[in-house]
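The structure appears below as structure tokens.
These numbers were taken from a predicted model, which means no experiment stands behind them. Atoms within a ligand are numbered from 1 in the order they appear, just like the ligands themselves.
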Amino acid sequence: MAKIYDIAIIGGGPAGYSAALYGARAGLATVVLEKLAAGGQMGLTHQIDNYPGFDQGIDGFTLGQQMRAGAERFGAETRLTEVTKLALTENPKRIETTEGTLLARAVILATGANPRHLDIPMEQELTGKGVSYCAFCDGMFYRNKTVVVVGGGNTAAAEALQLSRIAKEVILVHRRDTLRATKIYHEPLQAAENVRFLWNSAVTRLHSEARLTGVTVQNLVTGEETLIPTDGLFVSIGRIPATDLVRDQLALDPGGYIPADETTVTAIPGVFAAGDLRTKPLRQVATAISDGATAVQFAEEYLAGLKE
Ligand code: NAP
């Protein structure tokens, strides 16, 4: 008979491997299903300084490998495979992958969210070389430098404000003539002497010599183009949660995230949402780790109920 795991975790980022560590240490048969490599978004980050315990910081890829090794030390399994279909209301739950079908009593969804890209030439090549998708992660590298932030939502506003305390100048480029961000951000941003706004504008080209050296900004009303020398470009135009797999089984919020509170419990019994793919105010390694641990706590309660 096919093995039935206690917990299958979809996604091997920090939320996934935190759940795997807690699950395996609790003596539960735990498997992580990961498409590429341990680490998720974190694995693409060159230097992580805002996750405690590393006095010199650590690169995200190494941290991902260490999180995987830490969970496997207690017996968690990793399968590098792509999940293609989930039957979440069945008992046990059925997980179809490119390598075959798995069964699990509980499922923790931890597939994360990917930053939305501008989709302009050289964006990918310059990521980590001046182009960033997270000011809270990379802002410190731009002390006393000039940075450009693109976006007009709460994240862009919060990031511009945070960067204004670090950088020499912050230029906020937004495609509308006003911010979408909540009012609480407007006043402090307007008051910050080193924040400049370029309204009705879009970044259309990136310039580089090994690293980013400048951006071309186009005024969307007049069509006029301006070259702005800059050390950093923070693209802050929203995220795309990786929730396509569950779209037909779980109601999602308007942004595509899985509605779940701090318990990570979803609308389907035995299914939990941990990390960036759930509704939450702050998407960071530290909050993902917390979700993974919490998800296992509630998964254990669910599993105990099944055995009664
Ligand atoms: P968001 O609210 O979806 O805002 C994205 C911004 O990027 C919008 O201003 C949008 O412009 C712009 N944009 C989208 N695609 C673009 C493109 N291709 N080129 C240029 N600009 C583009 O995303 P978010 O700011 O990341 O926030 C996500 C969620 O987290 C929101 O619900 C937000 O309220 C919440 N959040 C809350 C806080 C807080 O302090 N309460 C902090 C951070 C995040 P348009 O305005 O023209 O659509």
Side-chain angles (χ1 to χ4, degrees), residues 15 40-41 45 50 111-124 126-127 131-139 147-165 170-192 195-206 212 215-226 228 230 232-243 251-262 273 275-288 290-291:
Q41 279 297 314
T45 307
N50 58 357
T111 43
N114 303 307
R116 181 173 285 123
H117 290 193
L118 289 171
D119 290 328
I120 56 175
M122 292 301 287
E123 184 177 3
Q124 201 176 334
L126 291 169
T127 298
V131 175
S132 168
Y133 298 87
C134 178
F136 292 100
C137 316
D138 299 336
V147 295
V148 170
V149 176
V150 186
N154 277 326
T155 306
E159 295 200 334
L161 207 52
Q162 147 110 351
L163 287 164
S164 72
R165 300 184 193 114
V170 179
I171 302 163
L172 188 75
V173 177
H174 184 33
R175 64 186 180 182
R176 292 178 193 264
D177 62 1
T178 181
L179 294 176
R180 167 206 286 268
T182 45
K183 293 277 176 262
I184 50 160
Y185 287 115
H186 292 213
E187 209 176 294
L189 271 176
Q190 303 276 2
V195 177
R196 185 153 64 95
F197 298 89
L198 294 179
W199 303 117
N200 299 313
S201 298
V203 171
T204 52
R205 264 180 291 150
L206 305 178
L212 183 79
V215 299
T216 294
V217 173
Q218 184 180 42
N219 183 304
L220 299 171
V221 178
T222 63
E224 188 190 341
E225 291 193 326
T226 313
I228 299 181
T230 184
L233 172 69
F234 288 88
V235 180
S236 200
I237 58 173
R239 287 168 194 246
I240 304 171
T243 47
L252 304 177
D253 81 357
Y257 293 94
I258 298 174
D261 64 13
E262 288 302 305
D276 285 3
L277 86 175
R278 81 165 173 93
T279 48
K280 51 160 49 187
L282 183 65
R283 296 189 168 86
Q284 291 283 291
V285 178
T287 61
S290 161
D291 276 8

task = Number the atoms of ligand 1 from 1 as they appear, then name those within less than 4.0 Å of a heavy atom of R176, with their elements.
result = 45 (P), 46 (O), 47 (O), 48 (O)
What protein heavy atom is closest to [atom], reported as residue, atom name and distance in Å?
atom: atom 10 (C) of ligand 1; value: R175 NH2, 3.8 Å
atom: atom 23 (O) of ligand 1; value: G238 CA, 3.7 Å
atom: atom 18 (N) of ligand 1; value: I237 CD1, 3.7 Å
atom: atom 8 (C) of ligand 1; value: R180 NE, 3.4 Å
atom: atom 43 (C) of ligand 1; value: T155 OG1, 3.4 Å
atom: atom 40 (O) of ligand 1; value: Y185 OH, 2.5 Å

query = For the side chain to side chain donor-acceptor pair (under 3.5 Å) test, which of T287, D291, T243 pairs with R278?
reply = D291
inquiry  = Can you tell me if Q124 has over 12 outside heavy atoms packed within less than 6.0 Å of its CD?
reply    = no
Is there a donor-acceptor pair closer than 3.5 Å between any side-chain N or O of [X] and the backbone N or O of [Y]?
X: Q190; Y: H186; answer: no
X: S236; Y: A156; answer: yes
X: E159; Y: A135; answer: yes
X: S164; Y: Q162; answer: no
X: R116; Y: G238; answer: no
X: D276; Y: A288; answer: no

Using a distance threshold of 4.0 Å (strictly less than), state whether [atom] has a protein heavy-atom neighbour.
atom: atom 3 (O) of ligand 1; result: no
atom: atom 29 (C) of ligand 1; result: no
atom: atom 25 (O) of ligand 1; result: yes
atom: atom 32 (O) of ligand 1; result: no

Looking only at N/O atoms, are [X] and ligand 1 under 3.5 Å apart anywhere?
X: H117; result: no
X: G152; result: yes
X: G153; result: yes
X: R116; result: no

request  = For atom 37 (C) of ligand 1, state which one of D119, N154, L118 supplies the nearest heavy atom.
outcome  = N154
remark   = Partner of F234 under side-chain contact (heavy atoms from CB on, under 4.5 Å), picked from V147, V131, V150, is V147
ask   = Of the options L198, V148, L163, L179, which is the one that meets L172 in a side-chain contact (heavy atoms from CB on, under 4.5 Å)?
value = L179
inquiry  = Can you tell me if H174 contacts ligand 1 (heavy atom of the residue under 4.0 Å from the ligand)?
reply    = yes
query = Y133 vs H117 aromatic rings, parallel, tilted or perpendicular, using cut-offs 30° and 60°?
reply = parallel
